[in-house]
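Working notes, beginning with the structure itself.
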Amino acid sequence: MKPFYIYNTLSRKKEEFKPLVEAHAGVYVCGPTVYGDPHLGHARSAITFDVLTRYLRHLGYKVRYVRNITDVGHLENDADSGDDKIAKKARLEQLEPMEVVQYYTNRYHDFMHALNVLPPSIEPHASGHIIEQIEMIKTILDHGFAYIENGSVYFDVAKYNQSHVYGKLSGRVLDDMQSNTRELDGQTDKHNPFDFALWKKASPEHIMRWPSPWSDGFPGWHLECSAMSTKYLGDTFDIHGGGMDLLFPHHECEIAQSVAAQGHEAARYWMHNNMITNNGQKMGKSLGNFITLEEMFAGSHKLLAQAYTPMTVRFFILQAHYSSTLDFSNEAMQAAEKVLKRILEAVTTLNKLAPAATSTRENEIPAIIEKCYAALSDDLNTSLAIAHLQEAVRIINSANDKKDSLTATDIDRLKQLFSGLLFDSLGIAAEQQQSGNTALLDGVVNMVLDVRRQAKANKDFATSDKIRDELVKLGIVVKDTKDGSSWTLA
RNA sequence: GGUACCAUGGCCGAGUGGUUAGGCAGCGGUCUGCAAAACCGUGUACUGCAGUUCGAAUCUGCAUGGUACCUCCA
């Protein structure tokens, strides 16, 4: 198997990926909290780890990819009554909580499908793993790393830090944090401000609740990932992913929970995708500056100059390395749209290219292919891979212009490159053709173009230009070449 | 205040201690009846200051600016 390198947040170094089990990879990624519509940020995380699993599979790994649905347990605020977000929204809209969960889960799936994000192997719901979470709390209590207070259970960070390092992932030092803590009101139950809830007793009005040995309540928001990842991937597994904003405290707490329960860490490689920003600021719920995917695809947000297709959004995201912040702008989106179109048209051209007897590029093509894959193998450098792919695009267009010649072998290699790298690994899909009768459309447009050809032959340019302009209005772009006219859907 | 990270040409965005990233936009050209597309050519780029080095945008230090996390967040 070819070497694959990952930047591991835990070591802050790029490391060669060595799976726990030969040719197998277990991947866990923190999925969405389904209390609202997915936005660009959700797309980035999903696409980043979609490319990861796609590429691991391309390299020959058998991948089990687990991405959870968070439908309980995210506390609004430790200091408030302990409502979780799902319950709040539910009451707000007078709906059954699980109806809200189902609604947004369905929408999440629809948008992910549009973005050509493959479904995970397993998509566990936190609400379906209450028993596992309760069992894990019991173990942590047995091991002395948690305490019960008023029907709630809290993780004892200070105790844990005596024998282990709390903060190893995020680089935080507990003592420093303690000397810089903010005063929070209503911390009556916690022994220490850094302790976090494993189980939270439900207030009387709290409608999402489950029985437990400690109280009727709900699990703490860090626990679900620890419980579900190890359930499906084993008590040690390969890769844990998520957004950078989850690094602390969420992932830090996951490590502490795993160690407290199992005696050792669960995840071996931690990968974090960076944020999408809007005018340099993180797109997020709290700032209200996010653009939902629905708005992106419809062009219905005031910041959007136009609608962008799901593939344009996907390509825009892949044009940056996943660990860099990516700033949204219409200019950048439009540039991405053009590049993607250019690449996809080159693929069409490639499929029609007639092979030549000799090649002007026979040495370059294998080199380009190697560079493309080397880029992806280097911590998923999609940006570089796309840059190299464009060298192939130029060669294809140049061959189409008869300025280069490519043999059948060259053409075959290029086809494999686009199929293996662009389509399979990067997950770009050629835009769907209109579902109508394509043969009919084909016939009609060709007939119209034939009339135009005659007009041109008679130097009746007024008529030929009128035909071209009218076709453009219908979304059909005409291209005149030496060999005649061709057309594509815009 | 603490922790982590970032700073590349009009814009987006890779990158290695010395040799072209790539693209968008712009400009010039080829092609075209004209366009579009394509192809060819075209850019004093690396926040500032010091240091290491034969040589740094790439390493080190300092400064400045910015972002994220420290409360739910991809």
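Chain identifiers are assigned alphabetically (A, B, ...) following the order of the sequence lines, protein sequences preceding nucleic acid strands; residue numbering begins at 1 within each chain.
Heavy atoms of A/Phe248 sit under 4.0 angstrom from primed sugar atoms or phosphate atoms, though from no base atom. Looking at heavy-atom distances under 4.0 Å, A/Asn273 makes contact with a base. At the heavy-atom level, A/Ala332 lies under 4.0 Å from the strands shown only through sugar-phosphate atoms. Nucleic acid contact for A/Met333: none, since no nucleic acid atom lies under 4.0 Å from a heavy atom of the residue. Using a 4.0 Å heavy-atom cutoff across all strands shown, A/Gly171 reaches sugar-phosphate atoms only and no base atom. Using a 4.0 Å heavy-atom distance criterion, A/Gly243 is classed as a sugar-phosphate-only contact. Within 4.0 Å (heavy atoms only), A/Met244 reaches no atom of the nucleic acid at all. Among the protein residues, A/His321 comes within range of the sugar-phosphate backbone only, with heavy atoms under 4.0 Å from sugar or phosphate atoms but none that close to a base. Contacts of A/Ile386 with the nucleic acid, taken as non-hydrogen atoms under 4.0 Å apart, are absent.
Side-chain atoms of A/Ser383 lie closest to B/rA21 of the nucleotides B/rG23, B/rA74, B/rA21. With B/rC70, B/rG13, B/rA38 as the candidates, the nucleotide lying closest to the side chain of A/Leu326 is B/rG13. The side chain of A/Lys338 sits closest to B/rA25 out of B/rA74, B/rG22, B/rA25. Here B/rC72 is the nucleotide among B/rA38, B/rC72, B/rA14 with the atom lying nearest to any side-chain atom of A/Trp221. Closest contact between the side chain of A/Asp480 and the listed nucleotides B/rC34, B/rG23, B/rG13 involves B/rC34. Distances were taken from every side-chain heavy atom of A/Ser464 (C-beta onward) to each of B/rG23, B/rC69, B/rG33; the shortest belongs to B/rG33. Nearest nucleotide to the A/Arg12 side chain, out of B/rA37, B/rA4, B/rA74: B/rA4. Comparing B/rG33, B/rA68, B/rG23 by their nearest atom to the side chain of A/Gln281 picks out B/rA68. When distances are taken from the side chain of A/Asp465 to each of B/rA36, B/rC39, B/rC34, the shortest belongs to B/rC34. Which of B/rG22, B/rC24, B/rA74 sits closest to the side chain of A/Ala335 comes down to B/rC24.
Contact annotation: side chain of A/Arg172 to base of B/rA4, donor-acceptor pair absent below 3.5 Å. Side-chain atoms of A/Arg468 and base atoms of B/rC34 include a donor and an acceptor less than 3.5 Å apart.
Of the listed residues (A/Ile317, A/Leu380, A/Ile47), just one forms a side chain to side chain contact (heavy atoms under 4.5 Å, CB included) with A/Tyr322, and that residue is A/Leu380.
Nearest-nucleotide mapping onto RNA chain B: of A/Tyr35 and A/Gln319, the residue sitting toward the 5' end is A/Gln319. Comparing A/Lys479 and A/Lys459 by the nucleotide of RNA chain B whose heavy atom lies nearest to each, the residue mapping closer to the 5' end is A/Lys459.
Rounded to the nearest 0.5 angstrom, A/His222 NE2 and A/Leu198 CG are separated by 9.0 Å. Atom OG1 in A/Thr382 sits 11.5 Å away from atom CG in A/Leu389 (nearest 0.5 Å). Going from atom CG of A/Asp480 over to atom OG of A/Ser485 covers 4.0 Å, rounded to the nearest 0.5 Å.
Rounded to an integer number of Å, the gap from CG of A/Leu344 to P of B/rA38 is 13 Å. Remark: P of B/rA36 and NZ of A/Lys456 are 14 Å apart, rounded to the nearest angstrom. Going from atom CG of A/Asp50 over to atom C1' of B/rA74 covers 14 Å, rounded to whole Å. Going from atom CD of A/Glu470 over to atom C1' of B/rA35 covers 16 Å, rounded to whole Å.
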### Pairing pattern in dot-bracket form [Watson-Crick, G-U; both distances under 3.5 Å; | = partner strand] for RNA chain B
(((((((..(((.....[...))).(((((.......)))))....(((((..]....))))))))))))....
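Contact between the side-chain N/O atoms of A/Arg394 and the OP1/OP2 oxygens of B/rG23 is found at a separation under 4.0 Å. Proximity of A/Ser329 to the phosphate of B/rC12: no side-chain N or O atom is located under 4.0 Å from OP1 or OP2. Between A/Asn381 and B/rG15 there is a side-chain polar atom (N or O) within less than 4.0 angstrom of OP1 or OP2. Between A/Thr33 and B/rA74 there is a side-chain polar atom (N or O) within less than 4.0 angstrom of OP1 or OP2. Regarding contacts with the backbone of B/rU30, every side-chain N or O of A/Lys403 stays at 4.0 angstrom or more from both OP1 and OP2.
Ring-plane geometry between A/Tyr373 and A/Tyr55 is classed as parallel, the angle between the planes falling under 30 degrees on a 0 to 90 degree scale with a further cut at 60. Between A/Phe196 and A/Phe155, the ring planes are parallel. Angles under 30° get that label, and only those over 60° would be called perpendicular.
Between B/rU53 and B/rU42, the distance separating the two C1' atoms is 34 Å to the nearest Å. Taking atom P on both B/rG43 and B/rU52, the two are 34 Å apart, rounded to the nearest angstrom. To the nearest whole angstrom, the two C1' atoms, one in B/rG15 and one in B/rC59, are 15 Å apart. Distance noted for atom P between B/rU47 and B/rG66: 16 Å (whole Å).
Between A/Leu471 and A/Val478, the closest heavy-atom pair is CD1-CG2, 3.7 Å. Of all the heavy atoms in A/Asn68 and A/Gly31, the pair that sits closest is OD1-N, 2.7 Å.
A cation-pi contact, defined as under 6.0 Å to the ring centre and within 45° of the axis, is absent between A/Arg67 and A/Tyr28.
Ion pairing between a basic and an acidic side chain is recognised when a charged N comes within 4.0 Å of a carboxylate O; A/Asp465 and A/Arg452 show no such pairing.
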